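Presented below is the structure to which this report refers.
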Amino acid sequence: MTTGRQVGRVEEIWLYPVKSLAGTAVATVEIGPDGLSGDRAWTVVADDRPVRAKDEPVLATLSPAGADAASLSAALGRPVRLQRLPPQPGAAPVHLVSRAAVERAAEGEVPEGCSAEDPRANLVLALDGDERTWVGRDLRIGDAVLRLSRTPKHCLGVYAEVVTPGAVRIEDAVLLV
């Protein structure tokens, strides 16, 4: 087992089964090579084009539970459908954000186009440091090892690649390895 220096713990875990819809908080999740199981597996489509919350803000308020073409079409006032998303090569599979980044954003340090209230990150972490300074390093979180790969242009936190798949739970230690 890889050891490392504990730098925090997992506060929240979020899945976004349908891109642009609200997230679902969970207590535990499996992280596979392509990210969190069930995360961003579907997208809303109209006229063969994805519909995003930046264009239709109401999407971000809708729960993915029970979402279907009829309920989404009614909410948007036009016909839409759900479409399964294929694997997204080049897309970072995991989005992490520290509680400190959320607090900095609440005080006004927010990248353009980013929501301080809803960073849409998968893992919200209580950290003893700034996750942005660890790009290129590995974190062991629960049974998974993630390599912090880059900072998002329009979001808080960092993106990570999966080095070792595994389960992650709320309160798991975060180790810098």
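These numbers come from a predicted model, not from an experiment. Basis for what follows: all heavy atoms, side chains included, without hydrogens, waters or symmetry-related copies.
- For Thr151 (side chain) and Val158 (main-chain N/O), no donor-acceptor pair under 3.5 Å exists by modelled atom type.
- Glu131 contributes a side-chain N or O that, together with a main-chain N or O of Ser98, makes up a donor-acceptor pair within less than 3.5 Å.
- Side-chain atoms of Ile31 and Ile141, non-hydrogen and from C-beta on, never get closer than 4.5 Å to each other.
- Linking ILVMFWY residues whenever their side-chain heavy atoms come closer than 4.5 Å, directly or via other members, places Val168 and Val94 in the same cluster.
- Arg132 has a carboxylate O that lies under 4.0 Å from a charged side-chain N of Asp130, or vice versa, which qualifies the two as a salt bridge.
- Side-chain atoms of Asp68 come within 3.5 Å of backbone N or O of Ala70 as a donor-acceptor pair.
- Within the 3.5 Å criterion, the main-chain N or O of Pro17 finds no donor-acceptor partner in the side chain of Asp39.
- Using modelled atom types, one side-chain atom of Ser20 and one backbone atom of Ala53 make a donor-acceptor pair closer than 3.5 Å.
- Summarising the local packing, CZ of Arg40 is surrounded by more than 12 heavy atoms from other residues, nucleotides or ligands at distances under 6.0 Å.
- Under the 4.5 Å side-chain criterion, counting only non-hydrogen atoms from C-beta, Leu123 is not in contact with Val97.
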Go through it in stages, so that I can follow the logic: the residues are Arg169 and Asp172, the test is salt bridge (Lys or Arg N to Asp or Glu O under 4.0 Å), and I'd like the CA-CA distance, side-chain angles, deciding distance and then a yes or no. CA-CA 6 Å; Arg169 294 159 289 283; Asp172 274 350; 3.6 Å; yes

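- No donor-acceptor pair closer than 3.5 Å links the side chain of Thr43 to the backbone N or O of Lys19.
- Side-chain atoms of Arg99 and Leu127, non-hydrogen and from C-beta on, never get closer than 4.5 Å to each other.
- Counting heavy atoms from C-beta outward, Trp134 and Leu176 have side chains that approach closer than 4.5 Å.
- Judged by distance alone, with hydrogens and angles left aside, the side-chain atoms of Asn122 form a donor-acceptor pair with the main-chain N or O of His95 at under 3.5 Å.
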Please assess Asp48 against Arg81 for the test salt bridge (Lys or Arg N to Asp or Glu O under 4.0 Å), listing each intermediate value before the final yes or no. CA-CA 9 Å; Asp48 294 325; Arg81 62 186 166 81; 2.7 Å; yes

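- At a threshold of 4.5 Å between non-hydrogen side-chain atoms, the residues Asp34 and Val162 do not count as touching.
- With a 4.5 Å cut-off on side-chain heavy atoms, Tyr16 and Pro64 do not count as touching.
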Tell me, with the steps shown, if Val7 and Leu125 meet side chain to side chain contact (heavy atoms under 4.5 Å, CB included). CA-CA 10 Å; Val7 294; Leu125 309 174; over 6 Å; no

